[in-house]
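Treat the numbers as computed from the prediction; the structure is a model and nothing was measured.
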Amino acid sequence: MLNVSDIPKKFEPGSVEARWYAYWEQNGFFHSTPDDREPFTVLIPPPNVTGVLHMGHMLNNTLQDVLVRRARMLGKNACWVPGTDHASIATEAKVVQKLRKDGIKKGDLTRDEFLKHAWAWTDTHGGIILKQLRTLGASCDWERTRFTMEPDLYDAVIDCFIELYERGHIYRGVRMINWDPEAKTALSDEEVLFKEVRAKMVHIRYACTDGSGDVVIATQRPETIMADVAVAIHPDNPKTAHLKGKTVRIPLINREIPIIEDDYVDPEFGTGALKVTPAHDRNDYEIGKRHNLEVIDILNADGSLNETAQILVGLDRFKARTEIVKLLEDGGFIAGVEEYTTNISVSERTDAVVEPRLSLQWFLDTKELSKPALEAVMSDEIRFHPPKFKNTYRHWMENIQDWCISRQLWWGQRIPAWFYGEGEQEYVICRTAEEALDKARAKSGNEKLTSADIRQEDDVLDTWFSSWLWPISVFDGFKDKDNADIRYYYPTNDLVTAPEIMFFWVARMVMAGYAFRGGVPFKNVYYTGIVRDKQRRKMSKSLGNSPDPLDLIAQYGADGTRAGMLFSSPAGNDLLFDEALVEQGRNFANKIWNAFRFITMQMEVGKTYTPTLDFDESNLADRWMRSRIMRTLKEVNQHFEDYRISDALQSLYSLVWDDFCDWYIEINKPDVNVERALGIFEVLMKMLHPMMPFITEDIWQRIRERSTSEALMISAWPELREDWISDDAEARLVLQKELISALRNVRAGKNLSPVAPLAIGLSVESDAQTTELERDLWIFRKLQKTSDLRIGTSLEKPKGSVSVVVRNVELMVSLDGLIDTEAEKTRINGEIQRLEGFLKSVQSKLLNSGFVDRAPADVVANERQKLADASQNIEKLRSILADLS
RNA sequence: GGGACGUUAGCUCAGUUGGUUAGAGCGCCACGUUGACAUCGUGGAGGUCGAUAGUUCGAGUCUAUUACGUCCCACCA
């Protein structure tokens with residue numbers, strides 16, 4: 001089965017990845033059903049249904065796959081549920097855009113017609129991203145793929161709405177909300193972003209009606225003066241005291257408005273007078289409420305001026321802004337214009353400048369729901385990785401506002417409210433029109449109501465109002481609150497997501513968890529960073545600085561790409577993506593490949609080899625190798641425990657490359673014990689599998705014939721053998737390594753061939769040490785060619801030799817004529833100087849009675865040992881120096 | 001305006017409860033084709049831990065102040 005000629009010099013990922021993925025999937029390894037094992041559940045943060053894979057997804061899903069694959073190997077029943085989100089605003093915007101291209105206006109379509117287009121769009125572009133995830137190696141349970149707009153999940157949202165309404169958490173009311181004039185819908189506070197811009201502050205004169213002069217008011221929104229209903233001053237401001245009780249005239253339209261007094265006004269700011277425009281400013285709305293002022297709305301839904309404005313009607317708000325400044329200038333109303341920097345709010349989805357707008361919307365009252373959700377995180381019932389995000393979470397939860405959940409869109413779950421009677425003021429909440437009719441009749445006492453009198457609310461629900469149910473709805477926990485799946489898989493284990501959606505999604509899922517299942521929806525949240533480029537710019541389509549993930553996989557292999565992403569992504573840290581990382585990942589895969597290739601080259605054709613971990617107790621290299629493996633396994637386990645995935649990979653990288661390839665194989669060359677090497681390989685492949693699934697499965701299957709049930713993907717994670725960890729073996733091998741490195745260093749310094757045989761002397765302290773060292777010296781001999789190797793306590797130093805002190809061994813290299821005495825002296829003097837500096841610091845510690853008295857005994861003993869060692873080595877170096885002259 | 005976090009080798013980051021003159025990976029420099037691998041090997045050069053002041057026998061590791069940076073939240077016209 002194993003034939004060297006089959007094994008190319010380079011690892012070729014393309015040919016094996018698709019094959020193994022199909023193998024895993026066809027054998028049902030991804031699929032999970034409840035059984036006696038401990039469940040391990042991960043839910044994919046559902047990407048937008050029509051989205052394509054970007055670097056953020058790559059990082060996020062690689063991490064999920066690593067966690068899931070490892071849990072599976074740990075014997076847990078791992079279930080990774082994939083799926084997509086209907087992304088209400090984003091998708092509707094895309095469909096509208098597409099229709100526009102085809103010459104169709106959304107307004108000309110009925111709701112049903114539009115939805116047909118939307119479904120067509122979803123069917124055409126939907127689910128691509130899930131296919132792409134397979135390329136990455138994601139071990140999702142595809143049979144469980146869900147979509148937030150599929151019937152069951154749609155129903156879940158409706159059930160949820162009805163239940164929350166009945167429990168009194170949902171209300172309908174007129175509030176100042178964020179209006180997106182582009183998408184023509186309300187937004188939640190979370191969907192609004194702040195953007196810093198340069199803007200003009202216009203100072204406008206309002207004339208007092210009594211002819212006593214002007215009031216100058218500063219505003220960055222001069223186009224809203226037609227909606228002004230008052231001018232406010234602070235009651236205690238002497239500067240504006242003379243204005244009390246007066247009225248002023250709005251420029252251009254000459255409407256008279258009163259001057260009112262309100263504490264909100266900052267006397268220090270600007271002129272101390274503020275125009276009050278309740279319809280178009282949150283604060284002004286509050287002031288207006290306090291003073292019982294009228295609300296004059298001069299804007300249309302699309303942000304253009306309406307009839308009420310009287311002037312500039314029909315003009316867009318931004319056009320109107322420049323136009324009105326001209327008019328004001330012409331009329332002599334401008335007192336000045338200054339540029340300044342300010343924050344404007346924009347829609348997260350459409351980038352349109354958000355308009356504060358008074359409107360009738362549906363809200364979720366979050367006061368009660370947020371309480372247990374806050375507690376769950378603060379008490380670490382849900383653990384955040386890294387924990388610093390607890391602060392952000394707490395801050396938000398403590399200041400949580402009611403959630404505006406209605407959207408003036410069609411693509412989404414339609415609110416199950418049914419209006420009857422005049423003016424849509426009366427409604428019932430229920431699932432169907434029939435039910436609504438009964439309820440409406442009962443509620444109104446009007447038995448004559450017919451289905452024609454009943455009309456369903458047009459609005460749909462915020463996308464996140466479906467996503468927040470994801471952990472429950474993917475297991476049909478609304479349809480059947482006690483079904484086998486949700487009993488078994490819920491609460492889920494790990495959630496991997498970006499901190500940007502902590503409020504949108506994480507916090508709300510926790511609230512939903514408590515609201516509907518009385519507990520947490522997951523136990524750990526791993527926050528990834530943002531994927532940025534080398535200049536720390538966020539990767540984005542518009543900047544064009546993002547590589548196509550699929551290109552990366554094609555070029556470097558899925559394993560290489562995954563490893564590359566994992567190399568540099570501690571939890572919560574941004575990933576500064578550099579193709580060099582992926583290159584490193586590919587190189588690592590290649591290194592593994594070639595180590596394996598080397599082993600196969602040692603095999604005889606036709607012979608059967610049984611991988612074994614039966615190490616040779618008498619062989620230091622073996623004892624060392626198995627110690628390194630187990631020590632690393634212990635580290636890796638701990639790293640996983642701590643969600644330090646990068647560190648886990650780093651440990652494995654070093655185990656494979658440094659310990660196994662650079663030392664174990666090198667020491668054993670040319671006749672490596674194949675069965676043992678294969679045994680080692682099996683352990684290594686297991687440990688690496690969660691991170692690099694393809695190459696590890698491929699090698700695993702090449703090591704020997706395996707039945708389906710023996711596939712690496714479903715094999716058991718290695719068992720930790722603490723008894724294999726040996727400080728003694730590791731210390732002894734380190735000494736050999738250091739002796740070898742020291743000699744290599746001498747060779748390099750003297751420009752000697754790495755393979756020229758040299759006469760070596762090793763001078764040690766005692767006969768016992770001679771015996772000890774001699775026992776392990778075969779390793780030194782294996783890796784360094786010697787013409788003569790002597791070891792002893794009183795070795796005579798050959799003429800013209802160079803000496804290096806390694807720990808407490810003096811390594812003497814006979815160089816016969818090649819030695820540059822002066823250079824040697826300089827080197828040794830430098831070494832002495834370094835040691836003396838060290839010695840001094842140790843001495844001063846030990847001379848300090850405070851240290852000796854108060855430091856723990858072992859620390860003091862350690863210092864004394866250091867003192868002794870350093871002094872001894874200095875002595876040695878001095879004698880070497882003396883010999884040189 | 002409030003808050004969180006960060007500042008350690010050229011770059012990206014580790015440094016657990018304060019105790020070896022600070023570590024890793026990548027990069028860099030030099031040498032190298034000893035038949036697994038040049039997607040490689042060997043060797044090497046690089047930091048005194050943002051600054052200041054404290055606590056302590058001892059501080060990158062604790063405290064305070066300060067500078068700079070990143071992010072989150074926030075209705076100042």
Side-chain angles (χ1 to χ4, degrees), chain A residues 4 7 9-11 176 194 201 217-221 232 264-266 268-277 281-286 342-343 345 356 386 388-392 394-396 399 499-500 502-503 530 534 536 556 560 567-570 572-576 578 580-581 583-602 642 644 646-647 650-651 653-654 661-662 665-666 669-670 741 744-749 751 753-755 785 834-835 837-842 844-845 848-856 858-860 862-863 865-866:
Chain A
V4 185
I7 302 191
K9 271 179 101 163
K10 289 179 183 175
F11 175 57
M176 204 69 172
F194 289 96
M201 181 76 87
I217 280 145
T219 179
Q220 48 171 318
R221 301 206 57 190
Y264 172 76
V265 181
D266 179 356
E268 303 304 314
F269 194 94
T271 59
L274 164 75
K275 79 188 199 67
V276 181
T277 321
D281 186 285
R282 275 169 189 275
N283 299 312
D284 293 8
Y285 177 68
E286 293 302 319
T342 185
N343 278 330
S345 34
K388 67 173 178 180
F389 286 116
K390 282 166 74 175
N391 288 317
T392 315
R394 186 187 59 210
H395 189 258
W396 188 77
N399 296 289
E500 327 170 75
M502 185 192 297
F503 310 136
I530 295 167
K534 275 185 281 187
R536 287 195 177 271
Y556 298 101
F567 273 131
S568 166
S569 54
N573 273 33
D574 286 354
L575 170 69
L576 265 53
D578 183 341
L581 286 171
E583 209 172 301
Q584 194 190 343
R586 177 205 55 186
N587 293 355
F588 184 38
N590 194 242
K591 185 71 182 179
I592 296 168
W593 184 253
N594 273 289
F596 180 67
R597 182 165 170 267
F598 174 72
I599 303 304
T600 63
M601 289 174 74
Q602 312 304 305
D642 299 337
R644 300 178 66 131
S646 288
D647 289 347
Q650 201 62 244
S651 292
Y653 184 81
S654 155
C661 293
D662 288 352
I665 292 184
E666 291 303 324
K669 267 182 187 174
S741 292
R744 281 172 177 163
N745 188 355
V746 170
R747 287 181 192 270
N751 255 323
S753 147
V755 289
K785 284 223 165 84
R834 193 185 63 81
L835 278 171
F838 176 65
L839 196 65
K840 227 171 119 182
S841 80
V842 177
S844 69
K845 258 190 213 174
N848 184 331
S849 60
F851 173 72
V852 181
D853 295 345
R854 305 171 82 161
D858 60 319
V859 173
V860 177
N862 194 15
E863 291 299 311
Q865 185 60 49
K866 288 193 307 202

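- For the P atom pair drawn from A9(B) and C76(B), the interatomic distance equals 38 Å after rounding to whole Å.
- For the C1' atoms, the distance linking C68(B) with U20(B) amounts to 33 Å, nearest Å.
- Across all their heavy atoms, R221(A) and K275(A) have their closest contact at O-CE, 4.0 Å.
- The two residues T277(A) and D284(A) have their closest heavy-atom pair at N-OD2, 2.7 Å.
- The two residues L575(A) and L581(A) make their nearest non-hydrogen contact at CD1-CD1, 4.4 Å.
- Of all heavy-atom pairs between Q602(A) and P670(A), the closest is OE1-O, 2.9 Å.
- Applying the 90° criterion around 0 to the glycosidic angle, G46(B) comes out syn.
- Contacts of R744(A) with the nucleic acid, taken as non-hydrogen atoms under 4.0 Å apart, involve only primed sugar atoms and P, OP1 or OP2.
- Between the C1' atom of A74(B) and the CH2 atom of W396(A) lies a distance of 15 Å, rounded to the nearest Å.
- With no hydrogens or angles considered, no side-chain donor-acceptor pair links K390(A) and T392(A) at under 3.5 Å.
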Look for any protein N or O under 3.5 Å of an N or O in nucleotides 13-19 of chain B and output each such pair with its distance, or none.
residue: A14(B); atom: O3'; partner: R644(A); partner atom: NH2; Å: 2.9
residue: G15(B); atom: OP1; partner: R644(A); partner atom: NH1; Å: 2.9
residue: G15(B); atom: OP1; partner: R644(A); partner atom: NH2; Å: 3.1

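- When heavy atoms are screened at a 4.0 angstrom cut-off, E583(A) is found touching no nucleic acid atom at all.
- For the C1' atoms, the distance from C72(B) to A51(B) is 27 Å, rounded to whole Å.
- Annotation: the span from I217(A) atom CD1 to M201(A) atom CE amounts to 12.5 Å, rounded to 0.5 Å.
- Closest to the side chain of T219(A), out of A4(B), A77(B), C75(B), is A77(B).
- For the pair Q650(A) CD and G25(B) P, the interatomic distance rounds to 7 Å; values are reported in whole Å.
- Spacing between G47(B) and U8(B) at atom P, rounded to whole Å, works out to 15 Å.
- Counting any heavy atom pair closer than 4.0 Å across all strands shown, G270(A) reaches no nucleic acid atom.
- If you measure from atom CE of M502(A) to atom C1' of C72(B), you get 9 Å, rounded to the nearest angstrom.
- The NZ atom of K669(A) lies 5.0 Å from the CZ atom of F598(A); values are rounded to the nearest 0.5 Å.
- C73(B) atom P lies 12 Å from atom CG of N343(A), rounded to whole Å.
- Residue N587(A) places at least one side-chain N or O under 4.0 Å from the OP1 or OP2 atom of C40(B).
- Distance, E500(A) CD to C73(B) P: 10 Å, rounded to whole Å.
- Proximity of S741(A) to the phosphate of G44(B): no side-chain N or O atom is located under 4.0 Å from OP1 or OP2.
- Projected onto RNA chain B by closest heavy-atom contact, R282(A) and S841(A) fall at different nucleotides, the more 5' of which corresponds to S841(A).
- Look at CZ on R586(A): it is 12 Å from P on A38(B), rounded to the nearest Å.
- Rounded to whole Å, the C1' atom of A22(B) lies 8 Å from the corresponding atom of U48(B).
- At a threshold of 4.0 angstrom between heavy atoms, the contacts of K10(A) include nucleobase atoms, whether or not backbone atoms are also involved.
- Side chains of D858(A) and N862(A): a donor-acceptor N/O pair is absent below 3.5 angstrom, by distance only.
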Below 3.5 Å between N/O atoms, which protein atoms pair up with nucleotides 35-37 of chain B? Just atom names and distances, please.
residue: A36(B); atom: OP1; partner: K669(A); partner atom: NZ; Å: 3.4
residue: A36(B); atom: O3'; partner: R597(A); partner atom: NH1; Å: 3.3
residue: A36(B); atom: O2'; partner: N594(A); partner atom: OD1; Å: 2.6
residue: A36(B); atom: O2'; partner: R597(A); partner atom: NH1; Å: 2.7
residue: A36(B); atom: N7; partner: K669(A); partner atom: NZ; Å: 3.1
residue: A36(B); atom: N6; partner: C661(A); partner atom: O; Å: 3.4
residue: A36(B); atom: N6; partner: E666(A); partner atom: OE2; Å: 3.1
residue: A36(B); atom: N3; partner: N594(A); partner atom: O; Å: 2.9
residue: A36(B); atom: N3; partner: A595(A); partner atom: N; Å: 3.2
residue: C37(B); atom: OP1; partner: K9(A); partner atom: NZ; Å: 3.2
residue: C37(B); atom: O4'; partner: N594(A); partner atom: OD1; Å: 3.0
residue: C37(B); atom: O2'; partner: N590(A); partner atom: OD1; Å: 3.3
residue: C37(B); atom: O2; partner: K591(A); partner atom: NZ; Å: 2.9
residue: C37(B); atom: N3; partner: K591(A); partner atom: NZ; Å: 2.8

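- Between G54(B) and A14(B), the distance separating the two P atoms is 30 Å to the nearest Å.
- When heavy atoms are screened at a 4.0 angstrom cut-off, N848(A) is found touching the sugar-phosphate backbone but no base atom.
- With both ends at atom P, the span from U65(B) to G2(B) equals 14 Å, rounded to whole Å.
- For N590(A) against K9(A), the heavy-atom pair with the smallest separation is ND2-O, 3.9 Å.
- Of all heavy-atom pairs between M502(A) and F389(A), the closest is CE-CB, 3.6 Å.
- Note on T342(A): only backbone sugar-phosphate atoms sit closer than 4.0 angstrom, heavy atoms only; bases stay farther off.
- When the side-chain nitrogen and oxygen atoms of Y653(A) are compared with OP1 and OP2 of C26(B), one or more of them lie within a distance under 4.0 Å.
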(request) Go ahead and write out RNA chain B as dot-bracket, 5' to 3': ( ) for pairs within the strand, [ ] for ones crossing earlier pairs, | when the partner sits on another strand, dots for unpaired; Watson-Crick or G-U wobble, both distances under 3.5 Å. (result) (((((((..((((.....[...)))).(((((.......))))).....(((((..]....))))))))))))....
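- The environment of NZ in K785(A) is sparse: at most 12 heavy-atom neighbours from other residues, nucleotides or ligands sit within 6.0 Å.
- Ring-plane geometry between F588(A) and F567(A) is classed as tilted, the angle between the planes lying from 30 to 60 degrees on a 0 to 90 degree scale.
- Remark: E583(A) CD to D578(A) CG distance equals 9.0 Å, nearest 0.5 Å.
- One finds a side-chain N or O of N745(A) lying less than 4.0 angstrom from the OP1 or OP2 phosphate oxygen of G44(B).
- If you take CG of D578(A) and P of G27(B), they are 10 Å apart, rounded to a whole angstrom.
- Across C40(B) and G58(B), the matching C1' atoms stand 45 Å from one another, rounded to whole Å.
- Taken to the nearest 0.5 Å, the NZ atom of K10(A) stands 10.0 Å off from the CG atom of N594(A).
- As a whole-Å value, the separation of F503(A) CZ from C72(B) P is 9 Å.
- In terms of position along RNA chain B, the nucleotide closest to V852(A) lies nearer the 5' end than the nucleotide closest to the other residue of the pair T271(A) and V852(A).
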